[in-house]
Amino acid sequence: MADPNGYPDDIEDTFPDGFGGDDGFPGDRPSGLAPSGFQPAPAATAGGGIAARAMAARRSQAPDYLEGLNPEQRDAVMTLEGPLLVLAGAGTGKTRVLTTRIAHILATGSARPSEILAVTFTNKAAREMKDRIAGFIGGHVEGMAWLGTFHSICVKILRRHAELVGLKSGFSILDTDDQLRLIKQIIQAEGLDEKRWTPRAFAGMVDGWKNRAQTPNEISHGEAAAFAGIGRKLYAEYQDRLSILNACDFGDLLLHVITLFKNNPDILADYQRRFRFMMVDEYQDTNVAQYLWLRLLAQGNANVCCVGDDDQSIYGWRGAEVDNILRFEHDFRGAKVIRLERNYRSTSHILAAASHLISHNEGRLGKTLFTDISDPDEVPVAVASAWDSEEEARAIGEEIETLQTQGHRLNDIAILVRASFQMRSFEDRFVSMGLNYRVIGGPRFYERLEIRDALAYFRCVVQPADDLAFERIVNTPKRGLGDATLKLVHELARANRIPLMEAAFQLCQTEEIKPKARTALKGVLDNFARWRRELETAKHTELAEIILDESGYTEMWRTDRSAEAPGRLDNLKELIRSMEEFESMAGFLEHISLVMDRDSEEGLDAVSIMTLHSAKGLEFDTVFLPGWEEGLFPHQRALDESGKAGLEEERRLAYVGVTRAKKRAKIWFTSNRRIHGQWQSSIPSRFLDELPEAHVEIVESSSNYGGYGSYGGGGYGASRFDGRDPFQSSYSTPGWQRAQKARAAQDTVLERGSFKSSRQRKAGPMTIEGELVAKSVASTPSPYSLGERVFHIKFGYGAISAIEGNKLTIEFEKAGQKKVLDSFVEKH
DNA sequence: CCGGGACTGGTTTTT
DNA sequence: CCAGTCCCGG
């Protein structure tokens, strides 16, 4: 019985062999999915009357899962048919709507789990969504085979049709590091100067092209001629090499699927039929390729629901097109738009501040967040200033301590910075005061050297053609396989268009390489051959251990006496432990190439330090926003490179920052900042002027001279920030001067005991307004004089030729000219 | 093969 | 200023 849209009764049957079967799971029947307390509609006969059934369900008994939704949210959940754009402001329950909507689709029997496509940007978001859906429908989330990131969904599709885009199904996915090494080889092969034409720059261009779904033939004339005139050629070569390697980069995952769909209408049609409902989270972050991908799939059946917030689009620089969301109604005809503006997160002061700030942007779809909840104790958004980043860190650290003594948890506090170099002063400060913190977004587990090496071994076993992996470990640990030998292998491989491993094997059969290298190479190849045989029989975790042992890799770190070595061995153990969750080595490798998860040590109570970008989607009771200065935020480079659009993206970033706060937001700016080693006096950010006076309080002094609840100043308008010189106003008030005096006294004490802070302070041009400059170290004259003869424990005797604070330049009699700290020399 | 010295570039980041 | 990379010398 086919429905009016032509859907066959059993969709599974229309897919090629093996396509539907492996999606089978116990819960792939709508009737088994009703949430408790809700009487499910009869099992779906595909098509027909979804809305009607939903209405019927609602009439008979409002299902549990709709409880507590506001009217707009409910509308978004129940609108199943046709294109739908949900404009969900910060903290308006976006994820809840998305997950409830899926629950609703399942509960009403409108589709089976495997017929729902739900796309997110990050693995974290996908996981969260899965967890929350599991809350509704129990263990049957596993049936949501198509809930994942754009990339993981694309891989799934590509594995089935790899041959159609010139790959084999077992293709590997290169990460940025592999990608760069490959590009470097190509640039070298072209004889370009790597210094002028850096692999990184080219990788950036490739990324840009792939973000726009352009193959080498489709890039513009201008870009084809970019990169020393051979942009197109290099791009084509790169793609060619990837194909020979049977590998993809991240961008390819989308690009290949788009190519696949365009060239194979039958396959596209299958997927169009399969995906009865499509949902995209964070739609404002989609790039052109993702948009095209979605368009292709949505052509069959326009039940597309995109959720996003144009005001939170902060990834323009990596290809996201705000236009996608701004043009939704135009691109998806008859689209319904629902705005979620009721905020459940922040106080009205915070919302008012954020709304007023973002209202300075043009070209928005326009939303105004509001809340009904009124908290009699709520405080305005605070703005405070500091002399430099160290004082900023110190003041914030002290405020955090105060909050802590008042019973606030550190987990509820975050510091959100514009650029990661800002984190340093906070880390330094928090370490010295013993305040627990955690940096979000640092280096990732799978990016560590030892992990990549280990993975390269595994890749070589699973994917013998993975040249990049082979290159990486062929001489790690050292086996005496130097450049000379490898060059031979490369030449043979290139000449015959065969994988390196194969070339190496052939080379071992000849007399062309030196006996020593030959033995070593043969040893490696024999090992791989043996491990590959064991792949069939041994348990993959055990095999992994065998590989690392027999290759000498573990041994290499065991004998390494550097400080990091033990940690690296631990990481290797951890790697093998994490493999246990997977069925096979291949399955594991696939997982890690896509899911570069971070370490999470959620256990302890700690302040979070992260960039504004990585804060999107999170919330904290208290948020500190340091560094609101022109040039840093908005960032100069954003202004220079993208002009007004750049400024607006920076402003959205500011909006994201402020809206992370539930109860307290405090913004900071400093008057001096060291940039590229140079001290520069800074001007308060224009965004400060864009905050509404009525909801913002200028905090006179900071840290132990005030803190929350005892604002000194008051009565200053935001226009105060307009001045070129912030010192004229608040910096000359009596309260400020008093604070400075007290602080200067305290600094003297602090710095006597702290080598680090005195070292860091020395370079400051502390010359403005004498009294403020009473920083002990900066003004202390050096005890040494020019020409003086001194002794250094390592360099011996010498004469001072220059003095710069506590740093001396000395002409040593034996060692020549060196720069040393005065504390390391003695008078002689 | 390691390490010191020269040189370079320094916003944001996921997959 | 500082961290990462590259190149060359011992």
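A quick note: this is a predicted structure, and the numbers were derived from the prediction, not measured. A, B, ... follow the sequence lines: proteins, then strands. Residue 1 opens every chain. Values below: every heavy atom of this structure, side chains too, minus hydrogens, waters and symmetry copies.
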Return the set of residues passing ring-ring contact (aromatic ring centres under 6.0 Å, His included) with [X] (not counting sequence neighbours), or none when no residue passes.
X	result
A/Y291	none
A/Y235	A/W209
A/F121	A/F150

Which nucleotide in the list B/dG10, B/dC2, B/dT13 gets nearest to the side chain of A/K478? B/dC2
Could you check which of B/dT12, B/dG10, B/dT15 has an atom nearest any side-chain atom of A/T122? B/dT15
Quiz question: going by heavy-atom distance under 3.5 Å, is there a donor-acceptor pair between the base of B/dT11 and the side chain of A/R418? yes
Compare every heavy atom of A/V288 with every heavy atom of A/E321, then report the nearest pair and how far apart it is. CG-CG2, 3.7 Å
With centres under 5.5 Å and planes under 30° as the test, does A/H151 stack with B/dT15? no
Can A/W317 be classed as stacking with the base of B/dT12, given a centroid separation cut-off of 5.5 Å and a plane angle cut-off of 30°? yes
Taking NZ, NE, NH1 and NH2 as the nitrogens, is one of them in A/D640 or A/R637 under 4.0 Å from a carboxylate oxygen of the other? no
Distance check needed: [N] [atom2] versus [X] [atom1], whole Å only.
X	N	atom1	atom2	value
A/D428	C/dC2	CG	C1'	13 Å
A/F150	B/dT15	CZ	P	13 Å
A/D193	B/dC7	CG	P	15 Å
A/R196	B/dC7	CZ	C1'	17 Å
A/L174	B/dT15	CG	C1'	13 Å
A/I440	B/dT13	CD1	C1'	15 Å
A/H676	B/dG10	NE2	P	8 Å
A/Q680	B/dG10	CD	P	16 Å

I'd like the P distance from B/dT11 over to C/dG4, given in whole Å. 15 Å
Which whole number of Å gives the distance between the P atom of C/dT5 and that of B/dT12? 16 Å
Sequence neighbours excluded, the answer for salt bridge (charged side-chain N to carboxylate O under 4.0 Å, His left out) partners of A/K487 is A/E491
Test of understanding: with salt bridge (charged side-chain N to carboxylate O under 4.0 Å, His left out), list the residues that count as partners of A/E128, not counting sequence neighbours. none
Walking DNA chain B from its 5' end, the first of A/G482 and A/M423 to be reached, judged by nearest nucleotide, is A/G482
OP1 or OP2 of B/dT13 less than 4.0 angstrom from a side-chain nitrogen or oxygen of A/T611, does that happen here? yes
Please determine whether a side-chain nitrogen or oxygen atom of A/N123 lies at a distance below 4.0 Å from atom OP1 or OP2 of B/dT14. no
Show the distances under 3.5 angstrom between N or O atoms of the protein and N or O atoms of nucleotides 3-6 of chain C.
unit_1, atom_1, unit_2, atom_2, d
C/dA3, OP1, A/R424, NH1, 3.3
C/dC6, OP1, A/K184, NZ, 3.4

Between A/E427 and A/Y437: side-chain donor-acceptor atoms closer than 3.5 Å: yes
